[in-house]
Trainee: 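Let me begin by handing over the structure; questions about it come next.
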Amino acid sequence: MMGHNFIRRLRGLRGDKEGATLVEFGFVAPVLILMIMGLFDMAHTQYTSALMNGAMQKAGRDLTLESAGSRESEIDARVIGGVSAVVPGTATVTLEKLSHFDFEDIGEAEEFTDEGALDGICNNNEVFVDANNNGQWDNDRGEIGIGGARDAVLYTAVVSYPRLFPMYGLAGLPQNVELRATTVLRNQPYDQQDETFVTGNCP
């Protein structure tokens, strides 16, 4: 008798649709919220990237002037301030400046005489051209700073900050956002370019 009543109640529940909308929303809500937060996160990242590129272009124009050396810190502060205005207060903004003798030198390793094993590695006391004058062979021949007259400069801003929404774990994203913006410029020919290069020996 009792079992019969239990079965009848179960059959009654099968047709009961009260609360179905709430249950369905419980399934859909996490995905919907994740998508909304992801869209906001992407939009903010794109906006920050666009702002960084604009600031770098302005800084690039300012740094080509003859007076750039005396205004370098002011220009750097302007770039950092512009980027910091749209990122969280915990963000870190760093600037990287590498000067090169010419545009074709950007991203190139320092030249060396590959002798002996011809292994493509600067070693075994092989002679190299110390283009950046730091006393060692480097994968990038750029010299830190904005250089001098006629030098080609690679100017990069790097910003890193925690994501605005706590959805990175669910979406498989890293906790921090890292953005880079780069501009390449040439200093004005207000003086003769320094063509002095020294050599060294690879370890």
Side-chain angles (χ1 to χ4, degrees), residues 44-114 120-122 126-162 174 176-203:
H44 180 268
T45 300
Q46 291 298 318
Y47 175 70
T48 304
S49 179
L51 186 80
M52 287 177 63
N53 280 287
M56 293 303 293
Q57 295 301 318
K58 177 65 167 63
R61 291 191 295 270
D62 293 342
L63 283 170
T64 59
L65 301 177
E66 184 176 351
S67 60
S70 61
R71 300 178 55 228
E72 184 178 355
S73 58
E74 174 192 339
I75 296 169
D76 290 348
R78 194 184 309 146
V79 173
I80 294 174
V83 175
S84 299
V86 295
V87 294
T90 55
T92 58
V93 183
T94 56
L95 301 176
E96 302 170 359
K97 284 163 282 187
L98 290 175
S99 63
H100 305 76
F101 185 76
D102 207 344
F103 285 115
E104 63 185 18
D105 293 330
I106 295 176
E108 295 294 323
E110 291 178 323
E111 296 178 354
F112 67 95
T113 304
D114 195 8
I121 302 173
C122 187
E126 294 168 337
V127 177
F128 70 93
V129 178
D130 191 7
N132 55 20
N133 296 311
N134 67 352
Q136 64 182 27
W137 181 85
D138 296 291
N139 281 319
D140 191 320
R141 64 183 70 173
E143 184 176 356
I144 296 175
I146 62 173
R150 304 173 189 267
D151 284 350
V153 183
L154 182 68
Y155 188 29
T156 305
V158 183
V159 60
S160 176
Y161 60 90
N176 290 331
V177 176
E178 182 172 297
L179 301 173
R180 302 176 70 89
T182 300
T183 187
V184 180
L185 56 104
R186 183 187 284 281
N187 294 333
Q188 286 190 3
Y190 49 82
D191 198 356
Q192 291 297 316
Q193 191 172 19
D194 184 9
E195 299 186 53
T196 302
F197 297 103
V198 297
T199 60
N201 294 92
C202 304

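Atom set for the values below is all heavy atoms of this structure, side chains included, hydrogens, waters and symmetry mates excluded.
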Trainee: At their closest point, which heavy atom of Leu95 faces which heavy atom of Ala157, and how far apart are they?
Mentor: CD2-CB, 3.7 Å
Trainee: Can you give me the closest heavy-atom contact between Ala91 and Val159, atom names plus distance?
Mentor: CB-CG2, 4.3 Å
Trainee: Are any of the side-chain nitrogens in Arg150 or Asp102 under 4.0 Å away from the carboxylate oxygens of its partner?
Mentor: no
Trainee: Side chains of Glu96 and Thr182: closer than 4.5 Å at any heavy-atom pair?
Mentor: no
Trainee: Could you give the distance from CD1 (Ile75) to CD1 (Ile146), rounded to the nearest 0.5 Å?
Mentor: 7.0 Å
Trainee: Considering only heavy atoms from C-beta outward, does the side chain of Asn201 approach that of Val127 to under 4.5 Å?
Mentor: yes
Trainee: For Gly147 versus Asn187, what's the shortest heavy-atom pair and its separation?
Mentor: C-ND2, 3.9 Å
Trainee: Give the minimum heavy-atom separation between Asn53 and Ala181, together with the two atoms involved.
Mentor: OD1-CB, 3.9 Å
Trainee: Is Trp137 close to Ile121 at the side-chain level, that is, under 4.5 Å between some pair of heavy atoms?
Mentor: no
Trainee: Please find the pair of heavy atoms, one from Gly145 and one from Val153, that lie closest to each other, and give the distance.
Mentor: O-CG1, 4.3 Å
Trainee: Can you give me the closest heavy-atom contact between Asn176 and Ser160, atom names plus distance?
Mentor: CB-OG, 4.1 Å
Trainee: Let me confirm one number: the OG-CZ distance from Ser99 to Arg141, rounded to the nearest 0.5 Å.
Mentor: 12.5 Å
Trainee: Compare all side-chain heavy atoms of Tyr155 with those of Asp76 and state whether any distance is below 4.5 angstrom.
Mentor: yes
Trainee: Hey, could you give me the CG/CD1 distance between Asn134 and Ile144, rounded to the nearest 0.5 Å?
Mentor: 8.0 Å
Trainee: Between CG of Leu185 and CE of Met56, what distance do you get to the nearest 0.5 Å?
Mentor: 8.5 Å
Trainee: Atom CG of Asp105 and atom CG of Asn132: how far apart are they, to the nearest 0.5 Å?
Mentor: 11.0 Å
Trainee: Heavy-atom distance under 4.5 Å between the side chains of Val93 and Val158, does that happen here?
Mentor: no
Trainee: Inspect the surroundings of OH in Tyr47 and state if more than 12 heavy atoms from other residues, nucleotides or ligands are less than 6.0 Å away.
Mentor: no
Trainee: Report yes if the side chains of Val177 and His44 come closer than 4.5 Å at any heavy-atom pair, otherwise no.
Mentor: no
Trainee: Rounded to the nearest 0.5 Å, what's the gap from CG on Leu179 to OG on Ser49? Could you check?
Mentor: 5.5 Å
Trainee: Walk me through it: do Glu110 and Asp130 pass the test side chain to side chain contact (heavy atoms under 4.5 Å, CB included)?
Mentor: CA-CA 7 Å; Glu110 291 178 323; Asp130 191 7; 3.3 Å; yes
